[in-house]
Engineer: 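Take a look at the following structure, please.
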Amino acid sequence: MAEQNFPTGQLMAGKRGLIMGVANKNSIAWAIARQLAAQGAELAFTYQGDALLRRVKPLAESVGSDILCECDVTNDATMDSTFATLKEKWGTIDFLVHAIAFAGKDQLAGSFIDNTTREGFKSALDISAYSFVDAGRRASEIMNDGGAMVTLTYLGSERVIPNYNVMGVAKAALEASMRYMAADLGPRQIRVNAISAGPIKTLAAAGIGSGRHMFRFNKAASAMQDNTDPMGVAGAALYLLSDLGLSCTGETHHVDGGFHAIGMPQEGPLRESMPD
Ligand code: NAP
C-alpha cells in the first residue's frame with residue numbers, strides 16, 4: 001500500500017483492541033490498524049510464526065504497540081494464550097478486528113464442484129469462518145460492554161466469482177456467523193459487523209486464480225471505475241468500531257467502489273480494458 005496519511009483525531013482514544021491478520025504492510029488489517037492508531041487506539045497484534053514476527057514487529061512498534069501474540073487460529077493453545085495475554089496486560093478490551101482467511105491454492109482455481117475436497121472445505125471454513133466465532137467468543141469474555149467487532153468478507157459470498165470457490169462458501173458462513181454473534185452480544189451493546197471489501201492486492205488475494213483479470217474487471221465494472229482503496233476499508237472499520245457506528249450491528253457493509261450495486265456495467269470502460 002502506498003504511504004498515505006490517515007485522518008488523525010480522538011475517536012478511538014481510551015480504546016484498546018486486538019488486530020488479527022497483519023501479514024505485511026499490504027494487509028488490509030494493517031491499513032485498519034494505522035487508521036485506528038491515528039485516532040488514538042491502543043493496539044495488540046497476532047502473528048503466525050517467526051517469519052511473520054519479523055515483519056509484524058516493526059509495524060506494531062511504528063504504532064506504539066508492544067503486545068504481539070503468536071496465534072494460529074486452528075490451535076486452541078495459541079488462542080488461549082493470546083486472550084490470556086490481553087487479560088493480563090489490559091484486563092479488558094474494547095474491539096476486535098478479524099482479517100483472517102485461508103484456503104489451499106488447489107481449492108481456489110477451476111471448477112468448484114470438481115475441485116472442492118472434504119479437507120479443503122473443512123479447513124477453509126475452519127480458518128476463515130469458525131475462527132471469527134471462536135475469537136469473538138473469547139474477545140467477548142474480556143470486552144467492555146459497548147465494544148465492537150469487525151470481520152472482513154468479500155462479494156464471493158453472495159455471487160459466483162470465478163476461482164473464489166470454497167472461499168465464497170466460507171465467506172457466506174462468516175457473514176451468517178457475524179449476524180448470530182451480533183444477536184447474542186447485542187444486549188451488552190457489543191456490535192458485530194462485516195466489511196465486504198473489493199479486491200485489494202495482498203498476499204491472500206495473490207492466492208486466487210486469475211487475479212489480474214479480477215482487478216481489471218472490477219476497475220472497469222464498478223460504479224466508481226476504480227479498484228478499492230484500503231483507506232476506504234480502514235475508514236469503514238473506524239466508523240464501525242468507534243462510537244460513530246452506534247446502533248449499527250449485524251451489517252455487511254460493502255466498500256468496493258459500488259461494484260456490488262451494478263447489474264450490468266457501462267460498455268465503454270469494459271470495452272477499453274477487455275477488448276473483443
Ligand atoms: P493478508 O495480508 O494475506 O492477510 C490474511 C491474514 O490471515 C494473514 O495475516 C494470514 O497469516 C492470516 N491467516 C491465515 N491463516 C491463519 C491461521 N490459521 N491463523 C492465524 N492467521 C491466519 O490478506 P488480506 O487480503 O489483507 O486478508 C485479510 C482479510 O480480508 C481476509 O479475510 C480476506 O479474505 C479479506 N478480504 C480480502 C480482500 C482482498 O482483495 N485482498 C477482499 C475482501 C476481503 P499468514 O500469512 O501467516 O498465513
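For ligands, and for the atoms within them, numbers begin at 1 and follow the listed sequence. Because the structure is predicted, anything quoted here is derived from the model rather than measured.
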Engineer: For atom 4 (O) of ligand 1, what is the closest protein heavy atom, and at what distance to 0.1 Å?
Structural biologist: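 Heavy-atom neighbour on the protein nearest atom 4 (O) of ligand 1: Gly21 O, 3.5 Å.
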
Engineer: Any nitrogen or oxygen of Ala205 lying under 3.5 Å from a nitrogen or oxygen in ligand 1? Just yes or no.
Structural biologist: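 No; the residue has no nitrogen or oxygen that sits under 3.5 Å from a nitrogen or oxygen of the ligand.
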
Engineer: For atom 38 (C) of ligand 1, what's the nearest protein heavy-atom neighbour? Residue, atom name and distance, please.
Structural biologist: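 That would be Ile28 CD1, 3.7 Å.
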
Engineer: Assess whether a salt bridge exists between Arg138 and Glu141, defined as any Lys/Arg side-chain N lying under 4.0 Å from an Asp/Glu carboxylate O.
Structural biologist: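 The answer is no: the pair does not qualify as a salt bridge.
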
Engineer: Which residue holds the protein heavy atom closest to atom 14 (C) of ligand 1, what is that atom called, and what is the gap in Å?
Structural biologist: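 Sorting protein heavy atoms by distance from atom 14 (C) of ligand 1 puts Ala101 O, 3.6 Å first.
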
Engineer: May I ask you to check if ligand 1 and Val73 share an N or O to N or O distance below 3.5 Å?
Structural biologist: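 Yes; at least one N/O pair falls below 3.5 Å.
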
Engineer: Indicate if Ile32 and Leu240 have the same hydrophobic cluster label, given that clusters are the connected sets of ILVMFWY residues with side-chain heavy-atom separations under 4.5 angstrom.
Structural biologist: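 Linked, Ile32 and Leu240 end up in one cluster.
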
Engineer: Pull out every atom of ligand 1 sitting under 4.0 Å from any heavy atom of Pro199, numbered as shown with elements.
Structural biologist: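 In order of numbering, the contacting atoms are 40 (O).
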
Engineer: Ligand 1 and Gln48, any nitrogen or oxygen pair closer than 3.5 angstrom?
Structural biologist: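 Yes - when backbone and side-chain N and O of Gln48 are compared with those of ligand 1, one distance drops under 3.5 Å.
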
Engineer: Is a salt bridge present between Arg188 and Asp145, judged by a nitrogen-to-oxygen distance below 4.0 Å?
Structural biologist: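 Looking at Asp145 together with Arg188, the answer is yes, because their closest N to O distance falls below 4.0 Å.
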
Engineer: Minimum distance, heavy atoms only, to atom 44 (C) of ligand 1: which one of Thr202, Thr153, Leu152 is it?
Structural biologist: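 Closest candidate by heavy-atom distance is Thr153.
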
Engineer: Taking a hydrophobic cluster as the set of Ile, Leu, Val, Met, Phe, Trp and Tyr residues connected by side-chain heavy atoms closer than 4.5 Å, whether directly or through intermediates, do Met79 and Val97 fall within one such cluster?
Structural biologist: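 In one cluster: no.
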
Engineer: Side chains of Met149 and Asn193, heavy atoms from C-beta outward: is any pair under 4.5 Å?
Structural biologist: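 They are not in contact (no side-chain heavy atoms under 4.5 Å apart), so the answer is no.
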
Engineer: Are any non-hydrogen side-chain atoms of Ser131 and His98 less than 4.5 angstrom apart?
Structural biologist: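 Yes, their side chains come closer than 4.5 Å.
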
Engineer: Is Asp184 salt-bridged to Arg137, going by a charged N under 4.0 Å from an acidic O?
Structural biologist: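 Salt bridge: no.
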
Engineer: Just by distance, with hydrogens left out, do Asp94 and Asn144 show a side-chain donor and acceptor under 3.5 Å apart?
Structural biologist: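 Per modelled atom types, Asp94 and Asn144 side chains form a pair under 3.5 Å.
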
Engineer: Counting both backbone and side chain atoms, is some N or O of Ala29 under 3.5 Å from an N or O of ligand 1?
Structural biologist: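 No, Ala29 has no N/O under 3.5 Å of an N/O on ligand 1.
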
Engineer: Determine the interplanar angle of the His254 and His260 rings, folded into 0 to 90°, and report it as parallel if under 30°, tilted if 30 to 60°, perpendicular if over 60°.
Structural biologist: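 Judged by the thresholds at 30° and 60°, the geometry between His254 and His260 is parallel.
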
Engineer: Is the closest heavy atom of Gly198 to ligand 1 under 4.0 Å?
Structural biologist: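 Yes; Gly198 lies near enough to ligand 1 that a heavy-atom distance drops under 4.0 Å.
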
Engineer: Just by distance, do the side chain of Thr8 and the backbone of Ala38 share a donor-acceptor pair under 3.5 Å?
Structural biologist: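 No.
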
Engineer: I'd like to check whether Ser27 has a polar contact with ligand 1, where a contact means an N/O of the residue lying under 3.5 Å from an N/O of the ligand.
Structural biologist: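 Yes, at least one N or O pair falls under 3.5 Å.
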
Engineer: Which protein non-hydrogen atom lies closest to atom 3 (O) of ligand 1, naming both residue and atom, and how far is it?
Structural biologist: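 Heavy-atom neighbour on the protein nearest atom 3 (O) of ligand 1: Ala204 N, 3.1 Å.
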
Engineer: Considering distance alone, does some N or O of Phe102 sit under 3.5 Å from an N or O of ligand 1?
Structural biologist: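 There is no such contact.
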
Engineer: Taking heavy atoms and a distance under 4.0 Å, where does Ile100 meet ligand 1: side chain, backbone, both or neither?
Structural biologist: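 Under 4.0 Å from ligand 1, Ile100 contributes backbone and side-chain atoms.
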
Engineer: Any Lys/Arg nitrogen of Lys171 or Glu175 sitting under 4.0 Å from an Asp/Glu carboxylate oxygen of the other?
Structural biologist: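 No, this pair does not count.
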
Engineer: What protein heavy atom is closest to atom 46 (O) of ligand 1, reported as residue, atom name and distance in Å?
Structural biologist: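 That would be Leu52 CD1, 3.6 Å.
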
Engineer: How does Thr151 reach ligand 1, if at all, at less than 4.0 Å between non-hydrogen atoms: by side chain, backbone, both, or neither?
Structural biologist: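 It is neither; nothing of Thr151 touches ligand 1.
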
Engineer: Would you kindly specify which portion of Met20 sits under 4.0 Å from ligand 1, judged on non-hydrogen atoms: side chain, backbone, both or neither?
Structural biologist: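 For Met20, no heavy atom sits under 4.0 Å from ligand 1.
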
Engineer: Only heavy atoms of Val22, strictly under 4.0 Å: list the atoms of ligand 1 that pass.
Structural biologist: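 Answer, ordered by atom number: 9 (O).
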
Engineer: Record the part of Asp72 in heavy-atom contact with ligand 1 below 4.0 Å; permitted values are side chain, backbone, both and neither.
Structural biologist: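 The answer is both, backbone and side chain.
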
Engineer: Considering both backbone and side-chain atoms of Ile127, is one of its nitrogen or oxygen atoms within less than 3.5 Å of a nitrogen or oxygen in ligand 1?
Structural biologist: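 So ligand 1 has no N or O lying under 3.5 Å from an N or O of Ile127.
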
Engineer: Can Lys57 and Asp50 be counted as an ion pair, charged N to O under 4.0 angstrom?
Structural biologist: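 No.
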
Engineer: State which residues pass side-chain hydrogen bond (donor to acceptor under 3.5 Å, both in side chains) with Arg55; sequence neighbours excluded, sorted by chain then number.
Structural biologist: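 Testing Arg55 for side-chain hydrogen bond (donor to acceptor under 3.5 Å, both in side chains), a comparison that skips the adjacent residues, returns none.
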
Engineer: Checking the side chain of Glu42 only, and the main-chain atoms of Lys15 only, is there a donor and an acceptor separated by less than 3.5 Å?
Structural biologist: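 No, because the side chain of Glu42 does not come within donor-acceptor range (under 3.5 Å) of the backbone of Lys15.
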
Engineer: Would you say Asn26 and ligand 1 have an N/O pair spaced under 3.5 Å apart?
Structural biologist: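 No - when backbone and side-chain N and O of Asn26 are compared with those of ligand 1, no distance drops under 3.5 Å.
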
Engineer: Using 30° and 60° as the class limits, which term best fits the ring planes of Tyr164 and Tyr154: parallel, tilted or perpendicular?
Structural biologist: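 Perpendicular, since the angle between the ring planes exceeds 60°.
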
Engineer: Closest non-hydrogen protein atom to atom 5 (C) of ligand 1, residue and atom name please, with distance?
Structural biologist: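 Protein heavy atom with the smallest distance to atom 5 (C) of ligand 1: Ala99 O, 3.7 Å.
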
Engineer: Which is it for Cys71 and ligand 1 at heavy atoms under 4.0 Å: side chain, backbone, both or neither?
Structural biologist: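 Answer for Cys71: backbone.
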
Engineer: How far is atom 40 (O) of ligand 1 from its nearest protein heavy atom, and which residue and atom name does that atom have?
Structural biologist: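 Answer for atom 40 (O) of ligand 1: Ile200 N, 2.7 Å.
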
Engineer: Counting from 1, what ligand 1 atoms have a heavy atom of Ala23 closer than 4.0 Å?
Structural biologist: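 Once the distances to Ala23 are compared, the set is 2 (O), 8 (C), 9 (O), 46 (O).
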
Engineer: Pull out every atom of ligand 1 sitting under 4.0 Å from any heavy atom of Ala197, numbered as shown with elements.
Structural biologist: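 Per the distance check, 42 (C), 43 (C).
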
Engineer: Does Lys171 come within less than 4.0 Å of ligand 1, judged by its heavy atoms?
Structural biologist: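 Yes; Lys171 lies near enough to ligand 1 that a heavy-atom distance drops under 4.0 Å.
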
Engineer: Under a 3.5 Å distance rule, please check whether Thr78 uses its side chain to pair with a backbone N or O of Asn75 as donor and acceptor.
Structural biologist: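 Checked: pair present.
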
